[in-house]
Chemist: 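Sending over a structure as C-alpha cells; questions will come in a sec.
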Amino acid sequence: MAVTPPVGDAPHWWREASGALAASDSTMARVIAGWTGHGHLRSRGDPFTTLARSIVGQQISVKAAQSVWNRFEAAAVTVTPQRVARMRLTTLTKAGLSTRKAEYVRDLAAHFVSGAVDPAHWPGLDDEAVIEELVQVRGIGRWTAEMFLIFNLLRPDVYPLDDLGLLKAISIHYNDGRSVTRAEAAELGERWRPWRTLATWYLWRSLDPLPVDY
C-alpha cells in the first residue's frame with residue numbers, strides 16, 4: 001500500500017519510518033494510510049515546562065489540568081527551574097496543585113538547578129539512560145518519561161507498554177478485538193524496530209484523531 005508521509009516540521013526520521021513500516025506490515029500500512037495527512041508527531045515546549053505540565057496533569061482531566069497550569073503559570077510569572085525551586089509550597093497549593101504535586105514540581109526544579117537532570121547531555125544518551133535520569137524525580141515514573149521521550153525529544157523507537165491506549169489499539173488491529181498482554185504487545189513490537197514511536201503514534205490516532213501533547 002502506497003503511503004505518503006506528512007512533511008513540514010515532522011521529525012527528520014518520519015518519512016523513512018512511515019515507508020519502512022508500511023512496506024513491512026500490511027496492517028500497519030492500513031493504519032498509517034488512514035491518518036496520513038492529518039498531522040504528525042511534533043515537539044512541544046522546553047524540557048522543564050513539558051515535565052512540569054506532565055506532573056500537574058496527573059490523574060485529572062485535560063480541562064482541569066489546563067486550569068491549574070494557567071494558575072501555576074500566573075503565580076510563577078516565569079516558569080523556569082530557578083524560579084519554581086524558590087516558590088513556597090503554599091503558593092503552589094493556592095494555585096491549585098495538591099501538596100504532593102507541589103512537592104513534585106519543586107523536586108523537578110531542584111533536579112534541573114543542580115544538574116542532576118540535564119537536557120544538555122541527553123543527545124548523547126540512549127533512551128534507557130534518559131529514562132533512568134528522569135525517574136529520579138519524584139512524581140515521574142517510566143510512563144511519564146516515555147511520553148517525554150516521544151513528545152519532547154522525538155525519539156524514534158519508544159514503545160510504552162504500560163499505555164492502555166496502545167494496548168487497546170493493538171487488540172483491535174492485531175488480535176480481533178481480544179485483549180493483549182504486555183508480553184504479547186512487546187513481541188509484536190519487535191517487528192516495528194527501530195520505529196516503534198511511529199507505530200505507537202499511528203495506533204493512538206486510530207483510536208483518537210486528535211493528538212495529545214505530553
Side-chain angles (χ1 to χ4, degrees), residues 9-14 17 39-62 64-66 68-69 72-73 76 79-85 97 100-167 169 182 185-186 189 192-205 208 210-214:
D9 58 352
H12 67 86
W13 45 264
W14 196 261
H40 48 72
L41 180 64
R42 63 189 70 198
S43 182
R44 300 291 192 188
D46 69 273
F48 177 73
T49 300
T50 300
L51 290 166
R53 288 193 73 131
S54 73
I55 290 172
V56 169
Q58 288 174 358
Q59 298 180 327
I60 58 176
S61 70
V62 173
Q66 186 62 51
V68 174
W69 179 261
F72 164 72
E73 197 170 32
V79 181
T80 64
Q82 293 74 16
R83 167 59 180 151
V84 175
L97 279 74
R100 180 168 293 179
K101 285 184 181 180
E103 292 171 348
Y104 290 169
V105 168
R106 287 213 317 186
D107 188 53
L108 173 69
H111 276 77
F112 269 77
V113 171
S114 70
V117 171
D118 183 6
H121 70 225
W122 290 342
L125 299 181
D126 64 22
D127 293 348
E128 287 301 321
V130 177
I131 290 171
E132 183 177 349
E133 185 170 307
L134 290 176
V135 298
Q136 297 176 45
V137 179
R138 296 175 61 197
I140 296 181
R142 183 177 180 87
W143 180 87
T144 299
E146 288 171 335
M147 294 302 103
F148 182 79
L149 288 177
I150 292 173
F151 289 97
N152 190 275
L153 299 185
L154 305 180
R155 293 293 178 94
D157 195 37
V158 182
Y159 196 48
L161 287 169
D162 294 318
D163 189 86
L164 297 180
L166 173 62
L167 297 180
R182 196 175 184 277
W192 301 326
R193 286 183 182 271
W195 310 118
R196 290 179 296 174
T197 293
L198 182 133
T200 298
W201 192 90
Y202 275 114
L203 286 166
W204 279 333
R205 297 292 68 73
D208 183 354
L210 295 177
V212 174
D213 301 317
Y214 290 88

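Just so you know, residue 1 is the first one in the sequence shown, and it goes up from there. Computation of the quantities below employed the complete heavy-atom set of this structure, encompassing side-chain atoms and omitting hydrogens, waters and symmetry-equivalent molecules.
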Chemist: Does the side chain of W122 come within less than 4.5 Å of N152's, by heavy atoms?
Modeler: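 Sidechains of W122 and N152: no contact.
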Chemist: For A169, enumerate each residue passing the side chain to side chain contact (heavy atoms under 4.5 Å, CB included) test, keeping only those at least two apart in sequence or located in another chain.
Modeler: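 H173, L203, S206, L207.
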Chemist: With heavy-atom distances below 4.5 Å as the criterion, would you say the side chains of D127 and V158 are in contact?
Modeler: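 Yes, side chains in contact.
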Chemist: Taking all heavy atoms of L198 and all of A17, pick out the closest pair and write down the distance.
Modeler: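 Where L198 meets A17 most closely, the heavy atoms are CD1-CB, 3.8 Å.
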Chemist: Of the options W14, W195, W192, which is the one that meets Y202 in a ring pair (Phe, Tyr, Trp, His ring centres under 6.0 Å)?
Modeler: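 Among W14, W195, W192, the one meeting ring pair (Phe, Tyr, Trp, His ring centres under 6.0 Å) with Y202 is W14.
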Chemist: Got a sec, which residues hit ring-ring contact (aromatic ring centres under 6.0 Å, His included) with W69, two or more places apart in sequence or on another chain?
Modeler: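 Partners of W69 under the ring-ring contact (aromatic ring centres under 6.0 Å, His included) test: F72.
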Chemist: Measuring from atom CZ of F48 to atom CG of L108, what distance do you get when rounded to the nearest 0.5 angstrom?
Modeler: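 Answer rounded to 0.5 Å: 4.5 Å.
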Chemist: Kindly give the heavy-atom pair with the smallest separation between P81 and A109, and that separation in Å.
Modeler: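 For P81 versus A109, the nearest heavy atoms are O-CB, 3.4 Å.
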Chemist: For the residue pair G139 and I55, what are the closest heavy atoms and their distance?
Modeler: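 In this case the closest contact between G139 and I55 is O-CG1, 4.3 Å.
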Chemist: Are any non-hydrogen side-chain atoms of V137 and Y104 less than 4.5 angstrom apart?
Modeler: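 No. Closest side-chain heavy atoms not under 4.5 Å.
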Chemist: A side-chain contact here means heavy atoms from C-beta on lying under 4.5 Å apart; do F148 and T50 qualify?
Modeler: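 In short, these two side chains touch, coming nearer than 4.5 Å.
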Chemist: Please report the closest heavy-atom contact between W204 and L166, naming both atoms and the distance.
Modeler: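 Nearest heavy atoms, W204 then L166: NE1-N, 3.7 Å.
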Chemist: Mind checking the CD-CD spacing from E133 to E128? Nearest 0.5 Å is all I need.
Modeler: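 Answer for the CD-CD pair, E133 versus E128, is 13.0 Å.
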Chemist: Take atom CD of Q136 as the centre, draw a 6.0 Å sphere, and report whether it contains more than 12 heavy atoms from other residues, nucleotides or ligands.
Modeler: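 Yes, the 6.0 Å shell around CD holds more than 12 heavy atoms from other groups.
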Chemist: Can you tell me if R83 uses its side chain to pair, donor with acceptor, with the backbone of A76 under 3.5 Å?
Modeler: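 Judged by distance alone, yes, a pair lies under 3.5 Å.
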Chemist: Looking only at non-hydrogen atoms, find the nearest pair between A120 and P123 and report the distance.
Modeler: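 Scanning both residues completely, I find the closest heavy atoms to be O-CD, 3.5 Å.
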Chemist: Are L41 and W13 close enough that some pair of their side-chain heavy atoms sits under 4.5 Å apart?
Modeler: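 Side chain of L41 against side chain of W13, heavy atoms only: contact under 4.5 Å found.
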Chemist: To the nearest 0.5 Å, how far apart are CE in M147 and OG1 in T200?
Modeler: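 Those atoms lie 7.5 Å apart.
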Chemist: Which heavy atom of P119 sits nearest a heavy atom of F112, and at what distance?
Modeler: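 Heavy-atom minimum between the residues: CG-CE2, 3.6 Å.
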Chemist: So how far is it from R182 CZ to L167 CG, rounded to the nearest 0.5 Å?
Modeler: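 One gets 8.5 Å once the value is rounded to the nearest 0.5 Å.
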Chemist: Calculate, to the nearest 0.5 Å, the distance between atoms CD and CD1 belonging to E146 and I140 respectively.
Modeler: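 It is 13.0 Å, given to the nearest 0.5 Å.
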Chemist: Main chain of R155, side chain of T197: is a donor-acceptor contact present, judged purely on distance under 3.5 Å?
Modeler: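 It does hold such a pair.
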Chemist: Would you confirm whether Y159, through its side chain, and A199, through its main-chain N or O, come within 3.5 Å as a donor-acceptor pair?
Modeler: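 It does not hold such a pair.
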Chemist: Is there side-chain contact between V68 and K101, with at least one heavy-atom pair below 4.5 Å?
Modeler: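 Not touching, per the 4.5 Å side-chain cut-off.
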Chemist: Do D107 side-chain atoms and R138 backbone N/O form a donor-acceptor pair below 3.5 Å?
Modeler: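 Here the side-chain-to-backbone pair exists.
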Chemist: Would you say the side chain of P160 lies within less than 4.5 Å of the side chain of I150, judging by non-hydrogen atoms?
Modeler: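 Answer yes - side chains close enough.
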